[in-house]
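Some notes on the structure that comes next.
Keep in mind that this is a model prediction, so the values were computed, not measured.
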Amino acid sequence: MKKEIAKKMAYIGAGAGLVIFAIFGLLPGSFLGGVIGLNIAGKLFGLPLAPSLIARLTVVISMLMGVMIAGVVFVAGFSILGWLIGHIVELTTERRVMNAGKEAAVK
């Protein structure tokens, strides 16, 4: 029974993080990754960029990395936040049970 609330809250937080990532993180992650990819390709191949396959692959790979990093940050962050909330709930309910047992023993 112990640590079940924290585990469940971590799963709920991961699901919420995935939804929030889909709404708020997917597009900015690809934009930022694309800009970084354009900068890298510009440094490697010179500006203005020619429409070559290697330059495009550089931009696409960096866009994918931007999306992946944003996803990891959102999902991991919300999962940790959910676990912390669950852990706090477990601690407070555990203390209430202990206090109730002490009050019953005193009476």
Side-chain angles (χ1 to χ4, degrees):
M1 173 85 178
K2 195 172 184 180
K3 305 286 185 198
E4 284 188 27
I5 296 174
K7 186 192 276 188
K8 288 179 184 178
M9 289 299 288
Y11 289 141
I12 291 171
L18 192 60
V19 169
I20 298 295
F21 162 71
I23 295 171
F24 296 112
L26 192 61
L27 192 61
S30 68
F31 281 162
L32 291 175
V35 168
I36 291 171
L38 284 173
N39 286 336
I40 290 171
K43 300 271 187 206
L44 292 175
F45 306 114
L47 290 174
L49 280 177
S52 66
L53 182 63
I54 298 173
R56 288 181 184 183
L57 280 176
T58 305
V59 174
V60 166
I61 289 171
S62 113
M63 286 176 76
L64 289 174
M65 290 300 293
V67 169
M68 296 283 276
I69 290 170
V72 167
V73 166
F74 273 94
V75 173
F78 276 89
S79 179
I80 291 169
L81 185 65
W83 179 82
L84 285 173
I85 291 171
H87 192 67
I88 290 170
V89 167
E90 280 181 352
L91 289 177
T92 56
T93 56
E94 192 175 290
R95 286 185 184 164
R96 284 185 188 165
V97 169
M98 292 175 86
N99 288 339
K102 288 179 184 177
E103 288 176 6
V106 170
K107 290 181 182 180

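- Note that OG1 of Thr93 is 12.0 Å distant from CD1 of Ile88, once rounded to the nearest 0.5 Å.
- Contact record, Thr58 with Phe45: OG1-CE1, 4.1 Å, taken as the closest heavy-atom pair.
- The number of heavy atoms from other shown groups lying within 6.0 Å of OH (Tyr11) does not exceed 12.
- Val67 is listed as a side-chain neighbour of Phe21, based on a closest heavy-atom distance under 4.5 Å.
- The shortest heavy-atom contact between Glu4 and Glu90 is N-OE2, 3.2 Å.
- In the hydrophobic cluster analysis, where Ile, Leu, Val, Met, Phe, Trp and Tyr join through side-chain heavy atoms closer than 4.5 angstrom, Ile69 is grouped apart from Val35.
- Both Leu47 and Leu38 are assigned to one and the same hydrophobic cluster, defined by single-linkage of ILVMFWY side chains at heavy-atom distances under 4.5 Å.
- Annotation: the span from Met65 atom CE to Leu32 atom CG amounts to 13.5 Å, rounded to 0.5 Å.
- Taking both residues in full, the closest heavy atoms of Ala50 and Ala55 are given as O-CB, 4.0 Å, listed atom of the first, atom of the second, then distance.
- Considering every non-hydrogen atom in both Gly34 and Ser62, the closest pair reads N-OG, 4.2 Å.
- Residues Met63 and Leu57 do not share a hydrophobic cluster, defined by chaining ILVMFWY side chains whose heavy atoms lie under 4.5 Å apart.
- Note: His87 NE2 to Leu91 CG = 4.5 Å, rounded to the nearest 0.5 Å.
- A chain of hydrophobic side-chain contacts below 4.5 Å, direct or via other Ile, Leu, Val, Met, Phe, Trp or Tyr residues, connects Phe74 to Val19.
- To the nearest 0.5 Å, atoms CZ (Phe31) and CG (Leu26) are separated by 10.0 Å.
- The two atoms that bring Met9 and Ile85 nearest to each other are CE-CG2, 3.8 Å, heavy atoms only.
- From Leu49, atom CG reaches atom CD1 of Ile54 across 12.0 Å, with rounding to the nearest 0.5 Å.
- Residues Ile36 and Val59 share a hydrophobic cluster, clusters being chains of Ile/Leu/Val/Met/Phe/Trp/Tyr side chains in contact below 4.5 Å.
- Scanning all heavy atoms of the two residues, the minimum distance from Gly29 to Ala70 falls at CA-CB, 4.3 Å.
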